[in-house]
There are 2 protein chains.
Amino acid sequence: MTARADYHHGDLAAAALDEALGLIAADGEARFSLRALADRLGVAHRALYNHFADREALLAAVAARGFAQLADGLAAASEPATFLAAYVRFARGYPGLYAVMTERHHAQINATPSLRAAVDRVIAVALAVLATPDADEDTRRREVMRVWMLAHGAIGLQRAGMLRLRSDADFIDEVLRIAGLVPPQEKAP
Amino acid sequence: MTARADYHHGDLAAAALDEALGLIAADGEARFSLRALADRLGVAHRALYNHFADREALLAAVAARGFAQLADGLAAASEPATFLAAYVRFARGYPGLYAVMTERHHAQINATPSLRAAVDRVIAVALAVLATPDADEDTRRREVMRVWMLAHGAIGLQRAGMLRLRSDADFIDEVLRIAGLVPPQEKAP
DNA sequence: GCTCAATGTATCCAGTGGATACATATCGAT
DNA sequence: ATCGATATGTATCCACTGGATACATTGAGC
């Protein structure tokens, strides 16, 4: 099962995912090609099709990995402000990956179990950190969505160039203020 | 200047923009090609390059048209709730166009004057409708951004499949509630 | 050991954005 | 009016992409 010598790669699926994630994390998927990926792995581009139905399926798998990493990062948060900060930091740290995770109409989302599972994990963490424990379900869901929508919207508008560019720290600080999670003149976490 | 007979088209730039907007509005830019566009206009695909530097520039022009239309649509709003509803309706009505407007790193945004101008018009309308008239500038900006981020985030999460699918009306209603623009049990505009 | 499904390779295809070279038309200066 | 510069459109090429089909190699289970 370890990386083997000649004909068979050993674990192409995992290696391809790792490599693809690395290629996409910063630069996004627009300039990403199956052939470039295959070249880096020292393999014919067609070999990838033994593990992923098509380019879209590979991207869905990459997105799943992204959501899993995101959930890990968020799990450490203990309150809304740190949650939001961690979320924004992830999205701004791996812009290409975040785009693949959120800017595709993943019909895939229900067709790819790992993706569905990873997204559900993020939602579970969000509920635990962001929602009032004893509120009814609709309220809890809306509490989560309010923060998530604000964070996701802020990130999107920033990336699209609609906002003044700031340092990451200032950006996070501003989002926290807009979300009402930081009292007017206080310092953000 | 009207559509001419033989060799010269007459006003290829405008015709191309119209046609591109039509092709992209619903389906987005992923499956959009310069060649398909040129075919529809009865012209060699290379002719388009006389009017647009490259594919990206054409998309920037399409985005500019989109923002102009959006600003028109928002101008009729008189209060935050109707503004937000109009915004969401636009984004959900022309998903492909909205994606081109917001999901590209328009370095273009400052390189394309018409795009910059159209975005500024949207921001101006938003300030007029969403901000407290006599508040200081930072507050006004944040009031606008809170609504814009919520709307944009909601649209993005919905499109990505992170939310339960609902009818457009229900979706708008839910966003208004989350934004705190509709009292708990009241009917949305 | 042998077989056969899993995995990789070789090669082809149509479609894409873009470049270069050339054809045709329009318009302003004379 | 005409003539030449310039804008506009065409013809043709290129490298590259995702995907399809046919074949080679391999190793796991019988």
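Just so it is clear: chains get the letters A, B, ... in the order the sequence lines come, proteins before strands, and each one is counted from 1. Remember, predicted model here, so these are calculated numbers, not experimental data.
Evaluation of atom-type donor-acceptor distances gives a pair under 3.5 Å for the side chain of N50(B) against the base of dG9(D). At a cut-off of 3.5 angstrom, counting only N and O atoms as typed in the model, there is a donor on one side and an acceptor on the other between the side-chain of R35(A) and the base of dG18(D). Side-chain N/O atoms of H45(B) and base N/O atoms of dG18(C) include a donor-acceptor pair closer than 3.5 Å. Taking 3.5 Å as the limit, the base of dA20(D) and the side chain of R46(A) contain a donor-acceptor pair of atoms between them.
Expressed to the nearest 0.5 Å, how far CG of L115(B) lies from CG of L59(B) amounts to 11.0 Å.
Rounded to whole angstrom, the span from the CG atom of L59(B) across to the P atom of dG18(C) amounts to 10 Å. Atom CZ in F52(A) sits roughly 17 Å away from atom P in dA20(D) (whole-Å rounding). Taking atom CG on L34(B) and atom C1' on dA19(C), their separation rounds to 14 Å, with Å as the unit. Distance, R55(A) CZ to dA20(D) C1': 18 Å, rounded to whole Å. Atom pair D39(A):CG and dT17(D):C1' shows a separation of 12 Å (rounding to whole Å applied). In this structure, CG of L12(B) is placed 12 Å from C1' of dA7(D), rounded to the nearest angstrom. Taking atom NE2 on H51(B) and atom C1' on dG9(D), their separation rounds to 8 Å, with Å as the unit. Atoms CG (L48(A)) and C1' (dA6(C)) sit 15 Å apart, rounded to a whole Å.
Around CZ of F171(B), the count of heavy atoms belonging to other residues, nucleotides or ligands within 6.0 Å exceeds 12.
Listed candidates were dT10(D), dG18(C), dG18(D). Nearest to the side chain of Y49(B) is dG18(C).
Side-chain atoms of E19(A) do not come within 3.5 Å of backbone N or O of L37(A) as any donor-acceptor pair.
A salt bridge links D173(B) and R177(B); the closest N-O separation between the charged side-chain nitrogens and carboxylate oxygens is under 4.0 Å.
What you find for A71(B) and V125(B) is that their closest heavy atoms are O-CG2, 4.4 Å.
Of the residues listed (L181(A), V144(A), L176(A)), the one engaging P80(A) in a side chain to side chain contact (heavy atoms under 4.5 Å, CB included) is L181(A), and it is the only one.
Remark: F32(A), S33(A) in residues 22-33 of chain A come within less than 4.0 Å of DNA chain D through at least one heavy atom.
Below 30°, between 30° and 60°, or above 60°: for F83(A) and Y87(A) the angle between ring planes is below 30°, a parallel geometry.
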